[in-house]
Amino acid sequence: MINLDTKYQFQEVENKWYSYWLKHNFFSSKPDHREPYTIVIPPPNVTGVLHMGHMLNNTIQDILIRFARMHGKNTCWVPGTDHASIATEAKVVAKLKSEGIEKSSLTREEFLKHAWEWKEKHGGIILEQLKKLGASCDWARTCFTMDPAYSESVIHVFVDLYNKGYIYKGTRIVNWDPQAKTALSDEEVIYRQEHSTLYFVKYFIDGTNDYIPVATTRPETILGDTALCVHPNDERYKKYHGKKVIIPLVNRVVPIITDEYVDPTFGTGALKVTPAHDPNDYELGLKHNLESIDVLNDDGTLNEHAQFFIGKDRFEARKLVAEELQKQGLLIKTEAYINNVGYSERTHVIIEPRISSQWFLRMKELAQPALENVMNDNIKLIPPKFKNTYKHWMENVKDWCISRQLWWGHRIPVWYIHNNPQEFVVAHNEQEALEKAKKKFPNITINDLYQDEDVLDTWFSSWLWPIAVFDGIRNPNNPDIRYYYPTNDLVTAPEILFFWVARMIIAGYEYMNDKPFRNVYLTGIVRDKIGRKMSKSLGNSPDPIDLMNRYGADGVRVGMLLCSPAGNDLLFDESLTEQGRNFSNKIWNAFRLIKLWEVDEHIEQPDYCKHAVLWFEQILNKTIINVKEDFEKYRLSEALMEIYKLFWDDFASWYLEIIKPPYGEKIDKTTYSVTLNYFDALLRLLHPFMPFITEELWHQLSHRNDGETIMNTQYPHAESFNQTLIAHMDEAKNIIAEIRNIRSEKNIPNKDFIPLFINSSVYHLNSLLPIIKKLANINEVAFSKPSVLSVSFLVGVVEYFIPLEKHVNIEEEVQKIEKEIAYYEGFLISIEKKLNNEQFISKAPKTVVENEIKKKNDAITKIQALKIQLEQLKSTKSI
RNA sequence: GGGAGCUUAGCUCAGCUGGUUCAGAGCACCUGCCUUACAAGCAGGGGGUCAAUGGUUCGAAUCCAUUAGCUCCCA
């Protein structure tokens, strides 16, 4: 028996249908004759848990997939996870530490064993959570970036790009994370404005008592200074050109160099040069052949090159150096200063620019097709405003540092020979490495080879995602990759446009000679009610699972979407999911109403039903057409809002109220069956947004066989609609609202019948009168003016009267009408002004002018009618 | 410092090619209703100098310029 509780109980419903969908393999996809529609999921971190960003992102993907499925496409949504080397390794290190185990006490193999155990235990929780959301992924295709096949693809790409000459080993200044002890890419550094101190320090000219003042925010790096630099045209320092200065504390004698790079207006106009600890100084060092002295260890403490404060942390050393400068009288003054400080995205410690030996990928040439094909819209970014940013980035692309000093990840396939960093081979595996090495050193054995310790940047594997999930790197001609590639839509956050999206495009053109996807839908960032980014540390992020438990997955999906225009951030508030839940409840109760009606086959269809049915068909078709357009433009929130209003306002508040049989009576068969069809269409329209409740009610609506599902039905389609019918119904709605308003003002109970007078000889809304009569509770309609005192109103150019002798307050009515006359007269004046303007008549298009004339005539008609009414009221009064 | 974008009702946002879809939607708010689907509801209602100024035009929320405020990206 059907559960007809007045509240929709989503809990059992949602679990029941997800199992049903899985049992019948509705999500699985194999290449066939149909057109494919493919999305690859942006793989979340393997150890991650679901947050609101994922909720938004995956709701959108599921909507797109379900919409495509209902359009007969062979839909394939590939799920998976990313190994996320830094994030995961940091978590494993922290977990081991809590057990008293230091990473440094473990061998690489031991550590990786722990890491894999962690992955097996915590990995993929997030995918399970996505099921609760209703995500219709093809789970059999679940992919992990460190699966054996995937890893092979990554290594293959490294070897291939090396052989093509794109990968090289270089010594560069890189962003060093002293906690994770690894290099980071520029994109993994977050800059924040901070208050800091600018120290003014004396640098004495060698052999004199003269000094040049130098301003620095990092006095501890003084210990690694190897030059002083001034602008060549700076008059203050011209006399020192060619001389040498003595570095404070360490007393090293270094040259004074000149370079236009120096900004004479900043600080004192003199720049201390520390090539080992500042990217700009590094460039200067290369240019001027300066020595480079690295004074830091990899954990951010000072090393023996610093000479002082060896072993002290960099920030402590800063204080100590400043104190020592003060003591020696070398510190002139300090000033407060605001500068940008780089932080590690993962460990949140301050980044240290550091010289190190890393692997790089040359980007300029590879990026070319990726730039072109976005600029010419071969790949569309949605919204297109991101094209500018994309262009700027791709035109200034720098070589990509792809090595990371970590263990969790794809180990770099480089084998050094006899521990010589200059002598190495690049190979797919150890065996091949040995063969290659033997060509150089015939007597070599496996023990003479030593594999590079580093792993590859995580993005160096995820940039292959749309290809590698279909095994297209290793088997470029396999049926899957040929069928599913290029994929259709990618849904992701704008913050990883360069990290990930741009690089996938690059890899796509390099390895498939084609784009990886046609459209990139960039979602906004989910923020809280007052605009702060949701984060664990702020504690302002609701737990999605908890939300779904309280409001239902459908409710949360609706809530997320109601406020998420593409590319704009959305300010999430729990009240939105409440709105989503309330909508579920509305749908449920509308269903209950219909289901509780009893049909009498002998009743003829009443007139009000006939016209309601006709009208609803128009508004339904109109919405279907609008929704289609919205989807084409990826305006999913608007599509949902269209359907929401169609269901709540047009269907529930108007249509059902019109056709609802009077108390105790039954409904005619024709209206009932049409209504069931309408409800069915509404469910199908809603299904991509609210998969669970629509599946449930679709099954309750009529008998379905096992294996049937709403997700495999056709999405409603419409070609046209009758706008006049809709406009007429809008007019009828206004009339009904006016009458209801009069009832409430005059305290006339809804159940009391009243008559309606219409001052019109050829009335255009005759067919809608049965509806007006029913909803406004009118007992008779007369086409004339009433002879007794009445309240009147205008809809369009037609006057309506409700005779209400004792209820009418003449004074009030006179005032109301005078106000209306004044309004229309003002309106008339402005139109006449326009029409008397010759420029307007001659320059504006004909249709616009005609329209103005019509407006003018309508206004005159209305004013005349109102004036007559006014006269009559006044004469009544004088009697 | 360089670049991009935004500013419309209390909040979140639509508003496409300048003109009847032009000042809109949802939520929130106010008033009255526990009316026989739904109070997670029903009926009705109020609310905006379209950031400011100037320009183009017969006509500007819409196009141009300047200013202010906010956001993001890059250095």
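Naming convention: chains lettered A, B, ... in sequence-line order (proteins, then strands); numbering from 1 in each chain. As the structure is a prediction and not an experimental result, all values here were calculated from the model. Values below: all heavy atoms of this structure, side chains included; hydrogens, waters and symmetry mates excluded.
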Enquirer: Do we see a donor-acceptor contact under 3.5 Å between the side chains of A:T671 and A:D668?
Expert: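 Yes, side-chain donor-acceptor contact under 3.5 Å.
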Enquirer: Are A:K855 and A:L828 packed together at the side-chain level, in the sense that at least one heavy-atom pair is separated by less than 4.5 angstrom?
Expert: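 Result no, sub-4.5 Å side-chain heavy-atom pair not found.
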Enquirer: Without hydrogens or angle criteria, can the side chains of A:W654 and A:D649 be said to hold a donor-acceptor pair below 3.5 Å?
Expert: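 The criterion, which ignores hydrogens and geometry beyond distance, is not satisfied for A:D649 and A:W654.
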Enquirer: Of the candidate nucleotides B:rC58, B:rC16, B:rC38, which contains the atom at the shortest distance from the side chain of A:N589?
Expert: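 Minimum distance to the A:N589 side chain belongs to B:rC38.
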Enquirer: Do the rings of A:F647 and A:F679 sit parallel, tilted or perpendicular, given the 30° and 60° boundaries?
Expert: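 Geometry flag for A:F679 against A:F647: perpendicular rings.
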Enquirer: Find which nucleotide of RNA chain B each of A:F583 and A:E852 is nearest to by heavy atoms, and output the residue with the more 5' nucleotide.
Expert: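 It is A:E852, whose closest nucleotide lies nearer the 5' terminus.
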Enquirer: Nearest of B:rA37, B:rG45, B:rU20 to any side-chain atom of A:K855?
Expert: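 Among B:rA37, B:rG45, B:rU20, the one nearest the side chain of A:K855 is B:rU20.
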Enquirer: By nearest heavy atom, map A:N388 and A:G664 onto RNA chain B; which one lands nearer the 5' end?
Expert: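 That would be A:N388.
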Enquirer: Between B:rA37 and B:rG47, how far apart are the two C1' atoms, rounded to whole Å?
Expert: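 So the two C1' atoms sit 32 Å from each other.
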Enquirer: Is the distance from OP1 or OP2 of B:rG44 to the nearest side-chain N or O of A:R740 less than 4.0 Å?
Expert: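 Indeed, a polar side-chain atom of A:R740 lies that close.
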Enquirer: I would like to know whether A:M55 and A:R557 meet side chain to side chain contact (heavy atoms under 4.5 Å, CB included); could you show each step before the answer?
Expert: CA-CA 8 Å; A:M55 292 289 280; A:R557 288 166 68 115; over 6 Å; no
Enquirer: Does A:R550 place a side-chain N or O at less than 4.0 Å from the phosphate oxygens OP1/OP2 of B:rA40?
Expert: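 Checking A:R550 against B:rA40: no side-chain N or O falls below 4.0 Å of OP1 or OP2.
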Enquirer: Quick one: A:D5 CG to B:rG41 C1', roughly how many Å, whole number?
Expert: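 Roughly 15 Å, once rounded to whole Å.
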Enquirer: Would you please confirm or rule out a distance under 4.0 Å between OP1 or OP2 of B:rC42 and any side-chain N or O of A:K586?
Expert: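 A:K586 to B:rC42 OP1/OP2: side-chain N or O found under 4.0 Å.
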Enquirer: How far, in whole Å, is B:rA4 from B:rC64 if one measures between their P atoms?
Expert: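 Rounded to whole Å, the distance is 14 Å.
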Enquirer: Can you check the A:I667 CD1 to B:rU36 C1' distance for me, whole Å?
Expert: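 Rounding to the nearest Å, CD1 of A:I667 and C1' of B:rU36 are 15 Å apart.
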Enquirer: Can you label the angle between the A:F651 ring and the A:Y655 ring as parallel, tilted or perpendicular, going by 30° and 60°?
Expert: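 Plane angle under 30°, so parallel.
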Enquirer: Determine the interatomic distance between P on B:rU36 and the same-named atom on B:rC22; round to the nearest Å.
Expert: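 Comparing P positions in B:rU36 and B:rC22 gives a spacing of 40 Å.
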Enquirer: A:A737 near the nucleic acid: base, sugar-phosphate alone, or nothing, with a heavy-atom cut-off under 4.0 Å?
Expert: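 Sugar-phosphate: the residue A:A737, judged by heavy atoms under 4.0 Å, touches backbone atoms but no base.
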Enquirer: OP1, OP2 of B:rG44 versus side-chain N and O of A:K733: anything below 4.0 Å?
Expert: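 It does not, given that no N or O in the side chain of A:K733 lies less than 4.0 Å from OP1 or OP2 of B:rG44.
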Enquirer: Parallel, tilted or perpendicular: which describes the rings of A:W588 and A:Y8, with under 30° parallel and over 60° perpendicular?
Expert: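 The arrangement is tilted - the two ring planes meet at 30° to 60°.
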Enquirer: So which of A:L682, A:L697, A:D554 actually passes side chain to side chain contact (heavy atoms under 4.5 Å, CB included) with A:I587?
Expert: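 For A:I587, the side chain to side chain contact (heavy atoms under 4.5 Å, CB included) test succeeds with only one of A:L682, A:L697, A:D554, which is A:L697.
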Enquirer: Is it the case that B:rA37 (base atoms only) and A:E657 (side chain only) share a donor and an acceptor within less than 3.5 Å, ignoring hydrogens and angles?
Expert: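 Present.
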Enquirer: Provide the distance between the two C1' atoms, one in B:rU53 and one in B:rG46, to the nearest whole Å.
Expert: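 It comes out at 31 Å once rounded to the nearest Å.
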Enquirer: Verify the contact: side-chain N or O of A:N582 to OP1 or OP2 of B:rG41, cut-off strictly under 4.0 Å; return yes or no.
Expert: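 Looking at the OP1 and OP2 atoms of B:rG41, one of them is under 4.0 Å from a side-chain N or O of A:N582.
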Enquirer: Side chain of A:K7: nearest nucleotide among B:rC58, B:rA39, B:rA37?
Expert: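 Of the options given, the side chain of A:K7 lies nearest B:rA39.
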Enquirer: Consider the side chain of A:N741, meaning its heavy atoms from C-beta on, and name the nucleotide among B:rA40, B:rG44, B:rU20 that approaches it most closely.
Expert: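 Given the options B:rA40, B:rG44, B:rU20, the side chain of A:N741 is closest to B:rG44.
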Enquirer: Looking at A:K595, I'd like to know whether one of its side-chain N or O atoms comes within less than 4.0 Å of OP1 or OP2 on B:rA37.
Expert: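 No, no such contact exists.
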Enquirer: Write down the distance between CD1 (A:I658) and P (B:rA43), rounded to a whole number of angstrom.
Expert: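 Distance, rounded to whole Å: 12 Å.
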Enquirer: Using the C1' atom in both, what is the distance from B:rC38 to B:rA43, to the nearest Å?
Expert: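 Result for the C1' pair: 15 Å, nearest Å.
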Enquirer: Name the nucleic acid region contacted by A:S653, choosing base, sugar-phosphate or nothing; use a 4.0 angstrom heavy-atom cut-off, strictly under.
Expert: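 Answer is sugar-phosphate: A:S653 comes under 4.0 Å of backbone atoms only.
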Enquirer: Take the protein atom CE of A:M690 and the nucleotide atom C1' of B:rA40, then report the distance between them rounded to whole Å.
Expert: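 Taking CE of A:M690 and C1' of B:rA40, I get 12 Å after rounding.
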Enquirer: Would you say that more than 12 heavy atoms from the other residues, nucleotides or ligands in this model lie under 6.0 Å from the NZ of A:K387, or not?
Expert: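 Counting neighbours around NZ of A:K387, more than 12 heavy atoms of other residues, nucleotides or ligands fall under 6.0 Å, so yes.
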Enquirer: Within this structure, what is the CG-to-P distance between A:L775 and B:rC42, rounded to whole angstrom?
Expert: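 Atom CG in A:L775 sits about 15 Å away from atom P in B:rC42.
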Enquirer: For nucleotides B:rC29 and B:rU21, find the distance between their C1' atoms and express it as a whole number of Å.
Expert: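 Roughly 27 Å separates the two C1' atoms.
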Enquirer: Taking only the P atom of each, what is the distance from B:rA9 to B:rG15 in whole angstrom?
Expert: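 To the nearest whole Å, 15 Å.
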Enquirer: Please report the distance, rounded to the nearest Å, between CG in A:N837 and C1' in B:rC58.
Expert: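 It works out to 5 Å between those atoms.
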Enquirer: For the pair A:Y678 (side chain) and A:V613 (backbone), establish whether a donor and an acceptor sit closer than 3.5 Å, ignoring hydrogens and angles.
Expert: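 Yes, the answer is positive, given that a donor and an acceptor are paired below the 3.5 Å cut-off.
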Enquirer: For A:I831 and B:rG59, give me the distance from atom CD1 to atom P, rounded to whole Å.
Expert: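 So the two atoms are 17 Å apart, to the nearest Å.
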Enquirer: Starting at the 5' end of nucleotides 21-35 of chain B, put B wherever the base has a protein heavy atom under 4.0 Å, S where only the sugar-phosphate does, and a dash everywhere else.
Expert: ----SSS--------
Enquirer: On the 0 to 90° scale, with breaks at 30° and 60°, tag the A:W597-A:Y672 ring pair as parallel, tilted or perpendicular.
Expert: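 Plane angle over 60°, so perpendicular.
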Enquirer: Round to the nearest Å and state the distance from A:H392 atom NE2 to B:rA75 atom C1'.
Expert: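 Nearest whole value for this atom pair: 9 Å.
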Enquirer: Work out how far the P atom of B:rU62 is from that of B:rU17, and round it to whole angstrom.
Expert: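 Rounded to whole Å, the distance is 14 Å.
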Enquirer: Reading RNA chain B 5' to 3', how would its secondary structure be written in dot-bracket notation, given Watson-Crick and G-U pairs with both distances under 3.5 Å, brackets [ ] for crossing pairs and | for partners on other strands?
Expert: (((((((..((((.....[....)))).(((((.......))))).....(((((..]....)))))))))))).
Enquirer: Out of B:rG15, B:rU36, B:rA75, which nucleotide sits closest to the side chain of A:R635?
Expert: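 So the side chain of A:R635 is nearest to B:rG15.
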Enquirer: Could you tell me whether A:T389 contacts a base, only the sugar-phosphate backbone, or nothing, with contacts defined as non-hydrogen atoms closer than 4.0 Å?
Expert: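 Sugar-phosphate contact only.
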Enquirer: Tell me whether the count of non-hydrogen atoms from other residues, nucleotides or ligands lying under 6.0 Å of NZ in A:K816 goes above 12.
Expert: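 Yes, because the 6.0 Å sphere around NZ of A:K816 holds more than 12 heavy atoms from other groups.
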